[in-house]
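What follows is a single structure, written as structure tokens, with notes after it.
Every chain is numbered from 1, with letters handed out A, B, ... down the list of sequences. Quantities reported herein were computed from a predicted structural model and do not represent experimental measurements. Atom set for the values below is all heavy atoms of this structure, side chains included, hydrogens, waters and symmetry mates excluded.
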Protein chains: 4
Amino acid sequence: MIEINSKSSTPIYEQIINEIKECILKGILKPGDKLPSVRELSTMITANPNTVAKAYKELERSKTIEVIRGKGTFVAENYTPSPTDDKLEELKELMKKIVIEAHYMGLDKNYLSNLLNDIYNEF
Amino acid sequence: MIEINSKSSTPIYEQIINEIKECILKGILKPGDKLPSVRELSTMITANPNTVAKAYKELERSKTIEVIRGKGTFVAENYTPSPTDDKLEELKELMKKIVIEAHYMGLDKNYLSNLLNDIYNEF
Amino acid sequence: MIEINSKSSTPIYEQIINEIKECILKGILKPGDKLPSVRELSTMITANPNTVAKAYKELERSKTIEVIRGKGTFVAENYTPSPTDDKLEELKELMKKIVIEAHYMGLDKNYLSNLLNDIYNEF
Amino acid sequence: MIEINSKSSTPIYEQIINEIKECILKGILKPGDKLPSVRELSTMITANPNTVAKAYKELERSKTIEVIRGKGTFVAENYTPSPTDDKLEELKELMKKIVIEAHYMGLDKNYLSNLLNDIYNEF
DNA sequence: GTGGTCTAGACCACA
DNA sequence: GTGGTCTAGACCACA
């Protein structure tokens, strides 16, 4: 379910975060579902436990998952924080970067519009 | 023209790359235009010459700018490499990340569509 | 294994690149083999870590080696990019230069043919 | 006759040297022929006079051309110095580099043999 | 322990 | 004056 590319330039802990968030969005993981323990997941994907722990910490901080002492880690109830200006700015910067990169590959607005649609259809 | 945010998590050399590419896209910098020398730009943005040199080197590698020995650095003629599968995959991953982040802030597809439009209008 | 000639006019980082590629060709280094870390190699050849890092970076760019985050640097699986026109032109220019230089030392075509054979036999 | 690529990574003064040597090899320039003056050549190829002067100096040092005071610069009588060990080693290194680069583009010994032949046929 | 980023500063080749 | 190479050394993210 969760696949890590150890050669990718995105850090493993970030890949874990992204994949888990994707699973939740796709409904593969639902609110209340139990996540594998840090040890379990780290052996599943042959990663360092510290790395998995870091990913879980970050997911907990963003209220995506919840740790219940002695019971384990669970997908949190749907929680959508109101977007801060910082976060919005960050999002815009990312989109800007995509537009610039796309342009430098000869891809136009239409291409990106379609890409956006495709991704939403995947979910 | 080029502004660096030293608090940002994106490395300075990458910020330089992005800003220059943006200037070219907006037409502020045109093919053949001379860029400030490594030393000039480094004092302008109070960064180390090596950092600026690194950014220029990368821009040269991607054929965005050209170095003429002993004369300086210039914006290259428009050059759009055919997009490789790797690059397209990277673009898709980036867009996916945006969609996920947006969703977790309670922003929907419409919001991102508009954001995309806005950015294109800026250029 | 890797020997640097500090008096040579070819930059140290380039010598490192050449020597590593040679080792791979000769089979001294095989795909998947771990390379010495940047720090290790830099002390081995008494060069600055930055210089070694530069060589490794370039080798990574050409997909000769791969970096696995936090684990180290490894020889990549055999990868032969289709030769671009630019690269072929460069190769031809280099060979032309050899022919001219050889001529000016009184060496003829036969000598270069034999030299070419000898080098292939070394590998 | 002499064409300079100001964007090439080989220095202009070296390009001049190579082109002149090539002309001599091809017989376009014969022993005793007068070369354009430093000023003439520098305006012809729109280069800095210092750059042309440097090329001429080097050609003079290698006895490829001769300066006769007050008369000008001339192609020297055929002169083939006995190859020094240093020079031979350099030649071998260059050829080695070609072999390695060629290998990394998937080109074999045959390709290089043919390339060598082609270049000799050009002359 | 691994590589990545950045600074400060020297020296050099080139035009 | 231009960029390229290299050293020395700090600090950081990642695993």
Side-chain angles (χ1 to χ4, degrees), chain A residues 4 6 8-16 42 45-55 58, chain B residues 4 6 8-16 34-42 45-60 65-74, chain C residues 4 6 8-16 34-42 45-60 65-74, chain D residues 4 6 8-16 42 45-55 58:
Chain A
I4 262 52
S6 59
S8 163
S9 66
T10 42
I12 293 176
Y13 88 94
E14 225 177 294
Q15 291 184 45
I16 296 173
S42 71
I45 62 176
T46 53
N48 192 306
N50 293 330
T51 309
V52 177
K54 181 167 185 180
E58 200 120 316
Chain B
I4 264 47
S6 55
S8 162
S9 66
T10 42
I12 296 174
Y13 83 93
E14 226 176 290
Q15 291 185 44
I16 298 173
K34 190 174 188 305
L35 291 171
S37 82
V38 168
R39 284 162 174 75
E40 274 168 18
L41 185 51
S42 72
I45 62 177
T46 52
N48 189 286
N50 287 331
T51 306
V52 176
K54 186 173 182 178
Y56 275 23
K57 193 84 205 171
E58 199 117 318
L59 284 166
E60 197 195 348
I65 64 178
E66 282 171 339
V67 173
I68 299 185
R69 321 182 54 100
K71 293 213 173 147
T73 307
F74 302 83
Chain C
I4 263 47
S6 55
S8 164
S9 66
T10 43
I12 296 175
Y13 84 93
E14 224 176 294
Q15 291 185 45
I16 297 173
K34 191 175 188 303
L35 291 171
S37 82
V38 168
R39 284 161 174 75
E40 275 168 18
L41 185 51
S42 73
I45 63 177
T46 51
N48 188 286
N50 287 332
T51 307
V52 177
K54 185 172 182 179
Y56 275 22
K57 194 81 205 171
E58 199 116 319
L59 285 166
E60 197 195 347
I65 65 178
E66 281 171 340
V67 173
I68 299 186
R69 321 180 54 98
K71 293 212 173 146
T73 306
F74 302 83
Chain D
I4 263 50
S6 59
S8 162
S9 66
T10 42
I12 293 176
Y13 87 94
E14 225 176 293
Q15 291 185 45
I16 296 173
S42 70
I45 61 178
T46 52
N48 192 305
N50 292 331
T51 308
V52 177
K54 181 167 184 180
E58 200 120 317

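Looking at heavy atoms from C-beta onward, Leu35(B) lies out of side-chain contact with Leu59(B) at the 4.5 angstrom threshold.
With rounding to the nearest 0.5 angstrom, the OG1 atom of Thr46(D) is 8.0 Å from the CD1 atom of Ile12(D). Between the OG1 atom in Thr51(C) and the CD1 atom in Ile16(C) there is a gap of 6.5 Å [rounded to 0.5 Å]. For the atom pair Lys34(C) NZ and Thr73(C) OG1, the distance stands at 6.5 Å (nearest 0.5 Å). Atom CD1 in Ile4(C) sits 11.5 Å away from atom CD in Glu14(C) (nearest 0.5 Å).
Between Gln15(B) atom CD and dT5(E) atom P the separation is 13 Å, expressed in whole Å. For Tyr56(B) and dG1(F), the OH to P distance is 17 Å, given to the nearest whole Å. Rounding to whole angstrom units, CD1 of residue Ile45(C) and C1' of dC6(F) are separated by 12 Å. Distance CZ (Phe74(C)) to P (dT2(E)): 10 Å, rounded to an integer number of Å. Leu41(B) has its CG atom 17 Å from the P atom of dG1(F), to the nearest Å.
Taking side-chain N and O atoms only, Thr73(B) has a distance below 4.0 Å to OP1 or OP2 of dG3(F). Contact annotation: Ser37(B) reaches the phosphate of dG3(F) (side-chain N/O to OP1 or OP2, under 4.0 Å).
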Fill in the blank from the handout: A correct 5'-to-3' footprint of nucleotides 7-15 of chain E, with B, S and - meaning base, sugar-phosphate only and no protein heavy atom under 4.0 Å, is BBB----SS
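Glu40(C) comes within 4.0 angstrom of the backbone, heavy atoms only, and of no base.
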Practice task
Begin from the C-alpha positions of Lys54(B) and Lys57(B) and carry the test side-chain contact (heavy atoms from CB on, under 4.5 Å) through to its verdict.
Solution key: CA-CA 5 Å; Lys54(B) 186 173 182 178; Lys57(B) 193 84 205 171; 5.6 Å; no
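Not counting sequence neighbours, Glu40(C) has no partner by the salt bridge (charged side-chain N to carboxylate O under 4.0 Å, His left out) test.
When all heavy atoms of Gln15(A) and Ser8(A) are compared, the closest pair comes out as NE2-CB, 3.5 Å.
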Problem - Dot-bracket line, read 5' to 3' along DNA chain E, where crossing pairs take [ ] and | marks a partner on another strand, Watson-Crick or G-U under 3.5 Å - result: ||||||||||||||.
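Of the possible polar contacts, one joining the Arg69(C) side chain to the Ser9(A) backbone as a donor-acceptor pair under 3.5 Å is found.
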